[in-house]
Amino acid sequence: MPELVLQLTRAGFLALLWLFVLFALRVVRSDLYAASGLRAILPGGSRAAKRSGRGRTARQLLVTQGPLAGSRITLDSRPILIGRADDSTLKLDDDYASTRHARIAPQGEDWYVEDLGSTNGTYLDRAKVTGPTRVPLGVPVRIGKTVIELRS
């Protein structure tokens, strides 16, 4: 009888260990490949977006809080990839940021932020970003401990 209990305990421990390994691999896979296959479906041509610009366009992305505070990125027509990945435009060294955390992309004269399936989320002025969302000038975007803003 004690031999049976010992074997069942070993089998149970082994099963739990494999479940942990599979769960860890699933998390790593989702973190690495969150951006693959996702396309930003940006709303274009809406009258409200055209009216709100009023001649002021974003020219810089400014880091206002976090380890990179004071950093500036000059904006052009290319999207800004934000995360811990080495190929990110804004590379964050933050435990709360995912490898591919968020993307800020232009659509006409407006810029839109999109969360790329991050674990902790992306916030636009305290509201969680669930899809491509227009970023007005001066409104904070929080990614982990880092806060960024678009400036003219």
Side-chain angles (χ1 to χ4, degrees), residues 13-152:
F13 179 72
L14 189 61
L16 284 174
L17 184 64
W18 275 107
L19 284 174
F20 174 75
V21 168
L22 292 175
F23 179 75
L25 288 174
R26 182 175 156 232
V27 169
V28 169
R29 187 183 132 261
S30 69
D31 199 29
L32 287 175
Y33 298 109
S36 66
L38 294 179
R39 296 284 178 216
I41 301 171
L42 302 176
S46 72
R47 284 180 236 138
K50 289 179 183 177
R51 273 188 268 125
S52 63
R54 294 195 180 131
R56 293 182 62 199
T57 60
R59 300 194 192 293
Q60 293 182 349
L61 182 128
L62 173 67
V63 180
T64 58
Q65 292 178 16
L68 299 173
S71 300
R72 293 177 185 268
I73 296 175
T74 303
L75 300 175
D76 52 17
S77 62
R78 294 176 295 192
I80 306 293
L81 186 62
I82 304 168
R84 291 184 310 185
D86 290 332
D87 63 342
S88 296
T89 312
L90 181 60
K91 185 176 184 292
L92 303 178
D93 186 22
D94 187 347
D95 293 336
Y96 298 104
S98 297
T99 303
R100 301 216 184 275
H101 196 100
R103 175 182 14 223
I104 297 180
Q107 176 67 29
E109 291 186 10
D110 294 325
W111 286 80
Y112 287 81
V113 64
E114 176 186 14
D115 187 82
L116 299 176
S118 66
T119 305
N120 294 315
T122 302
Y123 293 86
L124 178 65
D125 196 25
R126 297 187 184 150
K128 190 169 185 174
V129 174
T130 57
T133 306
R134 191 176 82 75
V135 181
L137 290 175
V139 175
V141 176
R142 185 171 58 83
I143 297 170
K145 297 177 186 173
T146 303
V147 178
I148 58 177
E149 292 180 8
L150 294 178
R151 300 281 172 94
S152 58

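Excluded from the calculations below are hydrogen atoms, water molecules and symmetry mates; all remaining heavy atoms, backbone and side chain alike, are included. In this chain, residues are counted from 1 in sequence order. Just so it is clear, the structure is predicted and the values come from calculations on it, not from any experiment.
- Put simply, the side chain of Pro136 reaches to within 4.5 Å of the side chain of Arg134, judged on heavy atoms.
- For the pair Ile143 and Ala102, the tightest heavy-atom approach, listed with the atom from each and the gap, is CD1-CB, 3.9 Å.
- Going from atom CG of Asp95 over to atom CG of Asn120 covers 10.0 Å, rounded to the nearest 0.5 Å.
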Please test Leu150 against Leu75 for side chain to side chain contact (heavy atoms under 4.5 Å, CB included), starting from the C-alpha separation and ending with a verdict. CA-CA 9 Å; Leu150 294 178; Leu75 300 175; 3.7 Å; yes
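- Within the structure, the side-chain hydrogen bond (donor to acceptor under 3.5 Å, both in side chains) test picks out the following pairs touching residues 62-74 (sequence neighbours left out): Gln60-Arg72.
- To the nearest 0.5 Å, the span separating CG on Leu19 from CG on Leu14 amounts to 10.0 Å.
- Between Val139 and Val135, the shortest heavy-atom distance links the atoms O-CG1, 4.3 Å.
- The backbone N or O of Ala97 sits less than 3.5 Å from a side-chain atom of Arg84, completing a donor-acceptor pair.
- Partner of His101 under the side chain to side chain contact (heavy atoms under 4.5 Å, CB included) criterion, out of Leu116, Thr146, Thr122: Thr122 alone.
- Here the closest non-hydrogen pair linking Lys145 and Asp94 is N-OD2, 2.6 Å.
- Between Leu137 and Arg151, the shortest heavy-atom contact is CD2-C, 3.9 Å.
- Open room surrounds CG on Asp86; 12 or fewer heavy atoms of other groups in view lie less than 6.0 Å from it.
- Formation of a donor-acceptor pair under 3.5 Å by the Ser88 side chain with backbone atoms of Ala85 is found in this model.
- Summarising the geometry of Trp111 relative to Arg78, their closest heavy-atom pair is CH2-O, 3.7 Å, with the distance given to 0.1 Å.
- Note that the CG atom of Leu68 and the CG atom of Leu90 stand 6.0 Å from one another [nearest 0.5 Å].
- Around the OH atom of Tyr96, the shell of radius 6.0 Å holds no more than 12 heavy atoms that belong to other residues, nucleotides or ligands.
- Crowding of Asp76 atom CG: a count of heavy atoms from other residues, nucleotides or ligands under 6.0 Å exceeding 12.
- Residues Lys128 and Gly121 share a closest heavy-atom pair of CE-CA, 4.0 Å.
- Using a 4.5 Å cut-off on side-chain heavy atoms (C-beta onward), Thr89 and Ile82 make no contact.
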Where do Asp87 and Arg100 land on the side chain to side chain contact (heavy atoms under 4.5 Å, CB included) test, with the steps shown first? CA-CA 9 Å; Asp87 63 342; Arg100 301 216 184 275; 2.9 Å; yes
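- Counting non-hydrogen atoms of neighbouring residues, nucleotides and ligands closer than 6.0 angstrom, the CG atom of Asp125 exceeds 12 such neighbours.
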